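Bear in mind the structure is a predicted one, so any value in this text is a computation, not a measurement. Below, each value reflects all heavy atoms present in this structure, side chains not excepted, and no hydrogens, waters or symmetry copies. Along the sequence shown, residues are numbered consecutively beginning with 1.
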Amino acid sequence: YTLAKAGYSVLVLEKGPWLREQHFTKDELACCRRQIYSPELHDEQHVIEESNDSGGWEATATEQTGWDFWNGNCVGGSSNFMSGYFHRLKPVDFKLKSTFGAIDGANVVDWPIDYADLEPYYDRVERLVGVSGKAEAHANAEPRSSSEFPYPPTVEHPISRRIDAAAESLGYHALRVPRAILSKPTMNRRSCEYSGFCGSFGCSSGAKGSSRAALLDHAVATGRCEIRPHAKVFRISTDSKGRISSVDYFSQDNAVQRVDARVYVVACQAIETSRLLLASVGPRFPDGLANNHAQVGRNLLFSAGGAGSGDMDFADHDEAGVADLRRVGPFVNRALDDWYTLSDPELGRVKGGIIEFLWDHPNAVVRAENANWRDGELVWGKPLKRRLETWFRTDRTLNFEVFNDWLPNDDCFVTLDRQVRDRWDSPVAKVRVGAHPHDQRI
């Protein structure tokens with residue numbers, strides 16, 4: 001987006017297809033039963049290493065487990081399917097080591113910049129992407145250069161007022177969540193149409209601020225950006241001086257193609273970026289591009305946390321209350337950051353996290369799959385019908401999700417698996433998923 005706006009000629013190579021708004025139908029089967037937005041695992045997979053009972057590590061290919069580590073292979077990637085929670089980091093996040101001290105086994109360092117250095121870019125991104133919300137003063141609010149978000153909040157569900165009242169009665173502050181979802185049409189994008197199928201689904205109105213809708217579409221509109229889908233980059237070639245000489249990729253017909261440029265940007269998310277760099281060996285990079293210090297793929301981060309839920313039984317509410325609970329479409333848009341930092345008798349003063357509230361996902365197929373087993377026995381026929389009827393018609397489930405840091409550590413990293421290869425005969429990424437016990441205690 002920035003290079004195209006500045007007058008450069010830009011080429012984007014995307015391994016997946018180029019899907020537009022008209023392709024993002026609200027198809028519950030496509031989003032949970034079929035590989036519509038990610039590759040078939042027998043074509044492209046990962047190898048996941050997890051700890052076993054003997055204290056070692058056990059590697060299993062995802063084709064065997066069905067554990068899909070792809071989360072969106074298309075132009076714009078997984079941002080097409082996000083829920084659009086656009087929280088900023090807070091000043092304390094930039095100085096974790098100096099604020100909370102070193103943690104044994106965690107590779108934590110302070111950032112070389114402060115929140116104040118990054119704040120103008122947060123402000124710019126909120127305008128470019130189209131973030132809707134309301135800035136409110138509270139104890140944990142981070143400083144803002146703009147007094148308000150660029151767009152007013154999206155429509156909120158009646159349950160949000162109940163969360164506000166409950167939080168206030170307990171001495172907490174219910175935070176209105178900023179969303180990368182347009183509450184009114186602008187920038188050649190429609191506003192949210194409140195279908196109820198947002199997270200995990202593509203947006204058919206363009207309201208969701210995916211990198212495709214918010215940035216790439218506008219880059220293409222300049223006439224200086226070309227997006228080339230179905231282009232699987234397998235190597236970044238370098239010369240004897242260590243400079244990039246070309247990017248090599250397979251086109252849709254599996255022919256090897258080569259392009260060169262003045263500026264190269266590798267943006268395949270953490271796992272696949274590491275995989276590509278490690279596979280790009282050259283005269284000056286025998287262990288992979290930029291990996292002469294063995295740091296590529298190291299200190300991989302996920303997020304730690306937990307979840308819970310509560311059932312709102314319709315029988316406990318009057319007619320108006322039931323009508324409110326049945327409303328589908330408006331967002332909950334509530335979070336709690338009262339424990340962003342916390343003091344604990346055993347842990348001391350530590351970095352905490354944030355709690356998000358959201359309705360149970362409305363995807364009927366997922367709920368049906370969860371209903372067909374009870375106490376280890378298959379439920380089918382009339383008992384399954386009655387159970388589905390109960391699940392859909394008698395209550396509604398409000399979930400909460402807890403997000404806290406995933407500390408960088410030596411047991412969470414990306415390497416190449418030389419035995420398992422994708423359909424282009426390239427080694428796939430092997431991901432060791434090791435969590436630090438401190439995060440589990442938090």
Side-chain angles (χ1 to χ4, degrees), residues 1 3-4 8-25 27 30-31 33-47 61-63 68-81 202 210-213 215-217 219-239 244-269 271-282 288-289 416-430:
Y1 175 91
L3 290 170
Y8 287 82
S9 174
V10 181
L11 172 66
V12 178
L13 299 175
E14 164 61 50
K15 181 169 69 69
W18 190 356
L19 304 175
R20 277 85 161 182
E21 271 70 32
Q22 63 267 30
H23 298 114
F24 292 126
T25 57
D27 186 338
C31 287
R33 296 287 292 175
R34 301 174 185 148
Q35 301 297 110
I36 300 297
Y37 306 122
S38 59
E40 296 285 351
L41 289 179
H42 58 75
D43 288 332
E44 303 177 56
Q45 56 185 303
H46 297 89
V47 174
T62 54
E63 184 184 8
D68 196 341
F69 257 59
W70 300 108
N71 56 1
N73 270 223
C74 54
V75 172
S78 59
S79 65
N80 287 291
F81 313 108
S210 67
S211 58
R212 175 193 54 82
L215 301 172
L216 290 173
D217 283 357
V220 171
T222 66
R224 293 185 290 270
C225 176
E226 175 194 350
I227 295 178
R228 197 170 293 175
H230 303 291
K232 193 266 189 181
V233 176
F234 65 92
R235 181 176 59 231
I236 302 171
S237 297
T238 52
D239 61 23
I244 296 176
S245 55
S246 69
V247 168
D248 307 328
Y249 69 95
F250 292 102
S251 59
Q252 190 168 8
D253 59 1
N254 289 327
V256 174
Q257 305 289 343
R258 175 169 290 180
V259 294
D260 57 38
R262 287 174 54 196
V263 176
Y264 298 87
V265 177
V266 186
C268 320
Q269 291 202 351
I271 293 174
E272 291 298 300
T273 291
S274 300
R275 175 196 181 195
L276 177 58
L277 293 175
L278 292 171
S280 299
V281 298
L289 183 58
L416 296 180
D417 192 292
R418 300 297 180 179
Q419 281 72 49
V420 181
R421 307 179 86 85
D422 64 16
R423 66 185 180 94
W424 295 279
D425 201 35
S426 300
V428 306
K430 179 187 287 185

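At distances below 3.5 Å, not a single donor-acceptor pair connects side-chain atoms of S210 with backbone N or O atoms of S79. Between the side chain of S211 and the backbone N or O of L215, no donor-acceptor pair lies under 3.5 Å. In terms of modelled atom types and a separation under 3.5 Å, the side chain of S280 and the main chain of L276 share a donor-acceptor contact.
Looking at heavy atoms from C-beta onward, P427 lies out of side-chain contact with D417 at the 4.5 angstrom threshold. A heavy-atom distance below 4.5 Å is found between the side chains of N71 and Q269. Here the side chains of R423 and P39 are not in contact, with every heavy-atom distance at 4.5 Å or above. With a 4.5 Å cut-off on side-chain heavy atoms, F69 and V428 do not count as touching. Between K430 and R418, every side-chain heavy-atom pair lies at or beyond the 4.5 Å cut-off. Residues D217 and R20 are not in side-chain contact: their nearest non-hydrogen atoms beyond the backbone lie 4.5 Å or more apart. In this structure, D425 and F234 have side chains that are not in contact, with every pair of non-hydrogen atoms separated by 4.5 Å or more. Side-chain contact between F81 and F24 is present, with heavy atoms from C-beta onward closer than 4.5 Å.
Side-chain contact of D68 with Q35: a donor-acceptor pair under 3.5 Å is present, judged by distance alone.
For the atom pair K232 NZ and D422 CG, the distance stands at 4.0 Å (nearest 0.5 Å). Atom-to-atom distance recorded for T222:OG1 and L3:CG is 10.5 Å, nearest 0.5 angstrom. With rounding to the nearest 0.5 angstrom, the CD1 atom of I244 is 5.5 Å from the CD1 atom of I236. Taking NE2 of H23 as the reference point, atom SG of C74 lies at 11.0 Å (rounded to 0.5 Å). Atom CG of L278 and atom CG of L416 lie 5.0 Å apart (nearest 0.5 Å). The distance from atom CG of D43 to atom OG of S38, rounded to the nearest 0.5 Å, is 11.0 Å.
Using cut-offs of 30° and 60° on the angle between ring planes, the pair W70 and H46 is tilted.
For R212 against N80, the heavy-atom pair with the smallest separation is NE-OD1, 2.9 Å. Summarising the geometry of G76 relative to L216, their closest heavy-atom pair is N-CD1, 4.2 Å, with the distance given to 0.1 Å.
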Return a table of donor-acceptor pairs under 3.5 angstrom between the side chains of residues 8-17 and protein atoms on other chains or two or more places apart.
from, atom 1, to, atom 2, distance (Å)
E14, OE2, G16, N, 2.8
K15, NZ, E44, OE1, 2.6
K15, NZ, N73, OD1, 2.3

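Residue pairs meeting the side chain to side chain donor-acceptor pair (under 3.5 Å) criterion with at least one partner in residues 257-266, sequence neighbours excluded, are S246-R258, D248-R258.
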